[in-house]
Structures are given as C-alpha cells and as structure tokens.
Amino acid sequence: MKCIYCGNAESKVVDSRSTDDGNSIRRRRECLQCGKRFTTYEVIESTPVLVVKNDGTRQPFDPLKIKSGVIKSCEKRPVAIRDIDALVTSVEKQVYNSLEQEVPSRKIGELVMERLKELDPIAYVRFASVYRDFRDVTTFIEFINEFK
C-alpha cells in the first residue's frame, strides 16, 4: 500500500478492526520510510449481476424488487417481515453464489416461488399468478391442480 505522504510502497499494519457495518476492515498503517500513519479500508470486491428480462433487456439485480413483490403477494397473510427478509436473503445468496454475471429473470422468479410455496401457499399462488402471467382461467386452474 502506497504511503499517501511520501509515496513509499512499504508499510506495516499497526491496527486492524472491522467497521461498524461489518462490510469492510479498517487498517491503520505506518509508512516504513517516513513513519507517518494513514488509514486504509479493505472491502470485498463484488461483480455486478445483471438480470436478463424476457424481452432481452438487462438491468442490475435488485433484491428490493424481490422484497416488494413478495410483500405484495403476502398482503393480508400471516407472514412476518423477518420471514420475507429471510426469503429475499436466501434468493440473493443463491443468485450471487451462482457466480454468473447474467441471470435470467425466470430463474429468479422460480427461486422466489420455491421459497414462497414453503412459506405460505396463498402467497405462492398470488405471486405465481402475476409472475406466470396466466392468460385465461383454464391455465390458472391447471396450475392450481399441479400445486395440490
């Protein structure tokens, strides 16, 4: 790490501690040439994940969009917000752990539906009815029969 005062590349770490949010490490360093101290932060490098929509467009992955959709499907249902947050976190981890830079929106929708099915069957059907965009009652009834 280059010293911000003299430009020397050699320094030693005097103190290390996690930041308050826990997403980075604060390091206090001392330059081996001039002896002055400076602070650096170490953060995990993350590559952005893009969601490939059905029409071929791409947009950044946003877990808040998942949360919003799940909250709508759980409206007036006995589902705690902590359970919704756990569902969103689970889907988010799976998306990032796939190590793919582009994930089809269909895959994300299926992941959400898997977890919603376990969490609340009514919320699952609500989410599926919007996500799968049923064109008629017959298709919807077929889906319900598969669910049984």
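Computed from heavy atoms alone, side chains included, the values below leave out hydrogens, waters and symmetry copies.
- Distance check, rounded to the nearest 0.5 Å: CD of E92 to CG of D62 gives 9.0 Å.
- Cluster membership for F38 and L32, using ILVMFWY side-chain heavy atoms within less than 4.5 angstrom, is not shared.
- Both V88 and I71 are assigned to one and the same hydrophobic cluster, defined by single-linkage of ILVMFWY side chains at heavy-atom distances under 4.5 Å.
- Annotation for C31 and C34: closest pair SG-N, 3.4 Å, computed over non-hydrogen atoms.
- The cluster map of Ile, Leu, Val, Met, Phe, Trp and Tyr, joined by side-chain heavy atoms under 4.5 Å apart, puts V13 and I25 in different clusters.
- The CZ atom of R37 sits 9.0 Å away from atom CG of D15, with the distance rounded to the nearest 0.5 Å.
- Remark: S105 OG to R58 CZ distance equals 11.0 Å, nearest 0.5 Å.
- To the nearest 0.5 Å, the span separating CD1 on I122 from CG on L116 amounts to 11.5 Å.
- Taking 4.5 Å as the limit, every side-chain heavy atom of L111 sits out of range of all side-chain heavy atoms of S90.
- Contact between G35 and E30 at its shortest, heavy atoms only, is O-CG, 3.6 Å.
- Note that the CZ atom of R28 and the OG atom of S11 stand 11.5 Å from one another [nearest 0.5 Å].
- Counting side-chain heavy-atom gaps under 4.5 Å among Ile, Leu, Val, Met, Phe, Trp and Tyr, L99 is found in no cluster with other residues.
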Ignoring hydrogens and angles, write down the donor-acceptor pairs under 3.5 Å from the side chains of residues 76-86, residues two or more places apart or on other chains.
unit_1	atom_1	unit_2	atom_2	d
R77	NE	D120	OD1	3.4
R77	NE	D120	OD2	3.0
R77	NH2	D120	OD1	3.1
D85	OD1	K67	NZ	2.8

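- A 6.0 Å sphere centred on CD of E102 holds more than 12 heavy atoms belonging to other residues, nucleotides or ligands.
- Between F127 and V112, some side-chain heavy-atom pair lies under the 4.5 Å cut-off.
- Follow the hydrophobic side-chain contacts under 4.5 Å out from I66 and you never reach L50; the two are in separate clusters.
- Expressed to the nearest 0.5 Å, how far CZ of R29 lies from SG of C3 amounts to 11.0 Å.
- The shortest distance between side-chain heavy atoms of V103 and Y96 does not fall below 4.5 Å.
- A donor-acceptor contact shorter than 3.5 Å is absent between the side chain of S24 and the backbone of T19.
- A chain of hydrophobic side-chain contacts below 4.5 Å, direct or via other Ile, Leu, Val, Met, Phe, Trp or Tyr residues, connects I108 to M113.
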